[in-house]
Amino acid sequence: MKKDHYILGIETSCDETAASVVKNGTEIVSSIVSSQIQQQKQFGGVVPEIASRLHVEQITLVIEEALREAEIVPKDLEAVAVTEGPGLVGALLIGVNAAKAFAFANQLPLIGVHHIAGHVYANQLMHPMEFPLLALIVSGGHTELVVMKSHGSFELIGETRDDAAGEAYDKVARVLGLPYPGGPQVDRLALESEQSIDFPRAWLEADSYDFSFSGLKSAVINYKHNIEQKGGQIDPQHVAAGFQQSVVDVLTVKTVKAAKQFDVKQVIAAGGVAANQGLRKSLTEALQKEGIPFYVPPIALCTDNAAMIAAAGYEMWKSGVRSDSTMNGRPGMPLKSWN
Amino acid sequence: MIWLGIDTANSPLSVAIVKDGELLIEESSMMKVNHSLRAMPAVEEVCRKTSISPSEIDAIAVSEGPGSYTGVRIGVTIAKTLAWTLGKPLYGVSSLKSLAMNGQLYNGLLCPLFDARRSNVYSAIYRMAGEELVSVMEDQHCALAELLEQLKEMKEPILFIGEDVKLHEQSIREQLGEQAKFASFAVNVPRASSVISLAMRAEQADSVHSFTPQYRRITEAEVNLVKKEPTNE
């Protein structure tokens, strides 16, 4: 009988303290996420120092819970995979140092995982990946199009030149006076709206897969100022719908174009903004029309979690990738191929 | 009984192993290098050099702060993860108190100090009473000027300890004159063996999971939040 391989994943790159046990890179045995949203809400966003303090409070509890729920003891594990970067440096350091101490205490190999590789591999927990594939990564910190020709091979073909899509969502939510985190609120308002304001779309150069969202954010702010200066009031629903339409259009058109150009077998979406209903619908419809399979993980696997880190860690472990105890948290870590 | 001690509360790093009341190894460095890079390698190294495997460690002592927020968190995260996964007791010791141990032979007040920027310090006052260090003024984050005023009123010689003392030596001399005593750089090194020695007389942490650093200061974001809260006046 084939032996099962269990990987412990740890993720603390932003405001979720998470740990998970994944079997054979594809099956979630446990996935614990302790979110700081309730504590960070009062500050209107993630305060890095608060995030780090909360991670220290939660880290061992969350790892213990992941092992207990999986009914796994450390000696059943093959390796410990942890988010090495990118992210908030003080936050990353908690996961990295906990992982190093855990690996040392239990004499296990340690694997440093790129957060975005993790988001991409969240899909492997739902469907086997088929190559070449195109991944659209959209979150509060990232907007990237990545082509993968095999496991562990990443070719970045486009990225944001200014704000990440999720960042634009949060800023627009603040302009509209919506509570933090604003992305899901804007999505909800947009879906309820029957009208939308026409905002610009930044297509950039004809052959570019890059993105830009700061102009759109400014357009929303200017629109609000103009209306208010004339003594009027904006309709948040119409603004949300217009903004969302603009973001979703650009993301969809560029994704479909890239999928065709690189002749991919599947398109996957990942990251917190991949939970956006408007985006999921638009991509599903557009790719269906082209006959290209499209997968997006359930919402709990789109937002930050440790199962995705364990899933990516498993592929790295299989390829012989190892880190040592000099691993550091790397806030600006570039996405590099391991195969 | 094998103890592992860790101090990463400020830029110096110190790790030590004490076995049956004897210091086997202690490695300390004053180099300003990222603790995240070198703390775990240092722990692994002292274990390797003493041929002690992780499972043989019986207790873990860590410097719990105050100090650099990130530095304290790295030591505490490593210590609590080791204690939890090895199922061993965890002991937190004040970073200031363990630094004050360097002055245990001095007959007078001991003032360990870490710079906290903008003319502020983390500091405390201790003195030896028999074989014990007792607290005269508890660990706190305060303005240096305020600390010096309090010390002046005590009208006793005070030994200042810590590598950050040199940053404030001039102000200290101006305020306290002959009352202030300064030690050699050799006495400014935080020592993980002192952390262990204090831990041996301390209570173990009630719960490893809920063990957190002693920052001695709330975050700026929380300060601002309190300022913003409307008063009922």
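Letters A, B, ... are given to chains in the order of the sequence lines, protein chains preceding strands, and every chain is numbered from 1.
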Between A/Phe104, A/Phe102, A/Phe43, which shows the greatest number of heavy-atom pairs under 4.5 Å with chain B?
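The residue among A/Phe104, A/Phe102, A/Phe43 with the greatest pair count is A/Phe104.
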Contact leader toward chain B among A/Val96, A/Val62, A/Ile50, where contacts are heavy-atom pairs under 4.5 Å
A/Ile50
B/Tyr91-B/Arg201 side chain donor-acceptor pair, cut-off 3.5 Å
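No.
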Are a donor atom and an acceptor atom from the side chains of B/Thr219 and A/Glu49 found within less than 3.5 Å of each other?
no
What's the verdict on side-chain hydrogen bond (donor to acceptor under 3.5 Å, both in side chains) for B/Asp139 and B/Ser94, showing C-alpha distance, side-chain angles and the deciding distance?
CA-CA 8 Å; B/Asp139 294 8; B/Ser94 154; 2.5 Å; yes
Output a table of donor-acceptor pairs, distance under 3.5 Å, between side-chain atoms of residues 30-40 of chain B and any protein atom two or more places apart or on a different chain; print 'none' if there are none.
| unit_1 | atom_1 | unit_2 | atom_2 | d |
| --- | --- | --- | --- | --- |
| B/Asn34 | OD1 | B/Ser36 | N | 2.7 |
| B/His35 | NE2 | B/Thr8 | O | 3.4 |
| B/His35 | NE2 | B/Asn10 | O | 2.6 |
| B/His35 | NE2 | B/Pro12 | O | 3.4 |
| B/Ser36 | OG | A/Asn97 | ND2 | 3.3 |
| B/Ser36 | OG | A/Asn328 | OD1 | 2.9 |
| B/Arg38 | NE | B/Val33 | O | 3.3 |
| B/Arg38 | NH1 | B/Ser29 | OG | 3.2 |
| B/Arg38 | NH1 | B/Met31 | O | 3.4 |
| B/Arg38 | NH2 | B/Ser11 | O | 3.0 |
| B/Arg38 | NH2 | B/Met31 | O | 3.0 |

Does any heavy atom of chain A fall under 4.5 Å from the side chain of [X], the backbone, both, or neither of them?
| X | answer |
| --- | --- |
| B/Thr70 | side chain |
| B/Ile78 | both |
| B/Glu220 | neither |

Side chain from CB out, backbone as N, CA, C, O: work out which of these in [X] comes under 4.5 Å of a heavy atom of chain B, or both, or neither.
| X | answer |
| --- | --- |
| A/Asp324 | neither |
| A/Gln107 | side chain |
| A/Val47 | side chain |
| A/Leu67 | side chain |

Run the side-chain hydrogen bond (donor to acceptor under 3.5 Å, both in side chains) test against B/Ser63 and tell me which residues pass, sequence neighbours left out.
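By the side-chain hydrogen bond (donor to acceptor under 3.5 Å, both in side chains) rule, B/Ser63 matches B/Asp7.
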Check the pair B/Ser98 / B/Ser194 against side-chain hydrogen bond (donor to acceptor under 3.5 Å, both in side chains), numbers first and verdict last.
CA-CA 5 Å; B/Ser98 82; B/Ser194 295; 5.9 Å; no
For A/Ser35, which of A/Gln40, A/Glu16, A/Gln58 qualifies under side-chain hydrogen bond (donor to acceptor under 3.5 Å, both in side chains)?
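Exactly one option meets the side-chain hydrogen bond (donor to acceptor under 3.5 Å, both in side chains) with A/Ser35, and it is A/Glu16.
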